[in-house]
Amino acid sequence: MADPTPVLDDLRAESDELDRLVAGAGPDRWGLPTPAPGWTVAHQIAHLAWTDRSALVAVTDEDGFRTLVQQALAAPDSFVDQGAEEVAGLPPAELLARWREGRAALDEALRKAPPGARFPWYGPPMAAASLATARLMETWAHGLDVAEALGVTRAPTDRIRHIARLGVRTRDFSFGVHGLPAPADPVRVELRSPSGESWTYGPEDAPQRVTGPALDFCLLVTQRAHRTDLALHAEGPDADRWLDIAQAFAGPPGPGRSPKGDGG
């Protein structure tokens, strides 16, 4: 079983970096629009706070989480937006305090989780390391939206290795969520990390292949950039199709981002 400590440490570092960014922004800047239509900086932080709370409920209150799942099933197209809207209108200092409190409680609960424990989620049940990876993915992706709204460029770090691995592992999910059968052939993924390391996944002799910067791959699977704006290369029809529909997050197919040339 995977030790969740490394990803929990990276999740804490990623959250702290985003925390410093928004804590240093004036209250008026929390109302700035982000690349997600209809979402301000406040909505982005509210979403993270709400999802951290959902994850905490999943870890500590299985019956309570079943209620959250029922609410999601009753309103699949609006559930996420409703969660963000619930607290986005709070004063920035109060919203920031709520996010801090929730993520600290989740960090403690995941570190105390029994080895081998699995927790319910909006998809298949997940171990502590997988749940922390999902939280890291969201924190990083929504942090990109916040940074863009604030006019800040965040340097990528090798913390995205967890997101890259998740992106590879969710290949079949990406096809399934679009109603397509999962490809039978394995895929080889070769990525260049921000620090210059080589990250590889899948058999070396796989007939299907994806290569390029790890940052671009993570931007793709979190749908923070359009494929045409990224330096990713696919070999083989299944690999090529995957890059068109890649999605590492749970839920229905995301709309993705428009190419920069289209004003996205």
Side-chain angles (χ1 to χ4, degrees), residues 32-39 41 43-44 47 77 80 134 136-183 185-202 206-264:
L32 291 174
T34 68
W39 277 28
V41 170
H43 282 90
Q44 299 281 354
H47 172 72
D77 295 329
V80 172
L136 172 58
M137 172 191 65
E138 282 222 271
T139 302
W140 179 79
H142 289 286
L144 291 175
D145 290 348
V146 169
E148 184 169 337
L150 297 177
V152 175
T153 300
R154 299 176 66 195
T157 73
D158 280 4
R159 291 193 296 265
I160 65 172
R161 68 186 183 277
H162 306 289
I163 303 169
R165 181 171 180 268
L166 179 62
V168 172
R169 294 180 65 187
T170 52
R171 182 187 70 142
D172 289 357
F173 166 78
S174 298
F175 280 86
V177 79
H178 283 84
L180 300 170
D185 287 336
V187 64
R188 173 75 168 181
V189 179
E190 300 177 350
L191 304 174
R192 185 175 65 259
S193 80
S195 67
E197 294 181 2
S198 178
W199 296 343
T200 60
Y201 313 87
Q208 309 277 335
R209 191 173 299 266
V210 169
T211 58
L215 174 61
D216 286 18
F217 183 74
C218 292
L219 289 169
L220 184 79
V221 300
T222 58
Q223 297 190 357
R224 261 34 190 196
H226 193 275
R227 178 184 176 182
T228 58
D229 295 320
L230 302 172
L232 295 172
H233 177 67
E235 297 178 22
D238 293 335
D240 187 66
R241 180 60 174 147
W242 177 31
L243 295 190
D244 285 336
I245 60 174
Q247 175 174 326
F249 51 88
R257 298 283 165 86
S258 300
K260 289 182 179 179
D262 292 347

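Just so it is clear, the model here is predicted, and its values are computed rather than measured.
Of all the heavy atoms in Leu191 and Ala164, the pair that sits closest is CD1-CB, 3.9 Å. Considering all non-hydrogen atoms of both residues, Arg154 and Leu144 come closest at NH1-N, 4.0 Å. Of all heavy-atom pairs between Pro194 and Asp158, the closest is CD-OD1, 3.1 Å. Nearest heavy atoms, Phe175 versus Pro181: CD2-O, 3.7 Å. Heavy atoms only, all atoms of each residue included: Ala246 and Gln223 are closest at O-NE2, 3.3 Å.
The CD1 atom of Ile163 lies 13.0 Å from the CG atom of Leu220; values are rounded to the nearest 0.5 Å.
Between Met137 and Phe249 the shortest side-chain heavy-atom distance falls below 4.5 Å. Annotation: side chain of Leu166 is not in contact with side chain of Leu136 (no heavy-atom distance under 4.5 Å). Tyr201 places none of its side-chain heavy atoms less than 4.5 Å from the side chain of Val210. Between Leu180 and Arg241, the closest side-chain pair of non-hydrogen atoms falls below 4.5 Å.
The backbone N or O of Thr228 sits less than 3.5 Å from a side-chain atom of His226, completing a donor-acceptor pair. The backbone N or O of Ala231 lies less than 3.5 Å from a partner atom in the side chain of Asp216, making a donor-acceptor pair. A donor-acceptor pair is defined here as one N or O able to donate and one able to accept, closer than 3.5 Å; such a pair exists between the side chain of Arg224 and the backbone of Thr222. No side-chain donor-acceptor contact under 3.5 Å links Gln247 to the backbone of Gly256.
With sequence neighbours excluded, the residues satisfying side-chain contact (heavy atoms from CB on, under 4.5 Å) with Pro237 are Gln208. Annotation: salt bridge (Lys or Arg N to Asp or Glu O under 4.0 Å) contacts of Asp238 (sequence neighbours excluded): none. Under the ring-ring contact (aromatic ring centres under 6.0 Å, His included) criterion, His47 pairs with Trp39, His142, sequence neighbours left out. The ring-ring contact (aromatic ring centres under 6.0 Å, His included) search around Trp242 returns Phe217, not counting sequence neighbours. With sequence neighbours left out, the salt bridge (Lys or Arg N to Asp or Glu O under 4.0 Å) criterion links Asp244 to Arg227.
Identified under the salt bridge (Lys or Arg N to Asp or Glu O under 4.0 Å) test for residues 190-201, with sequence neighbours left out: Arg188-Glu190, Glu190-Arg209.
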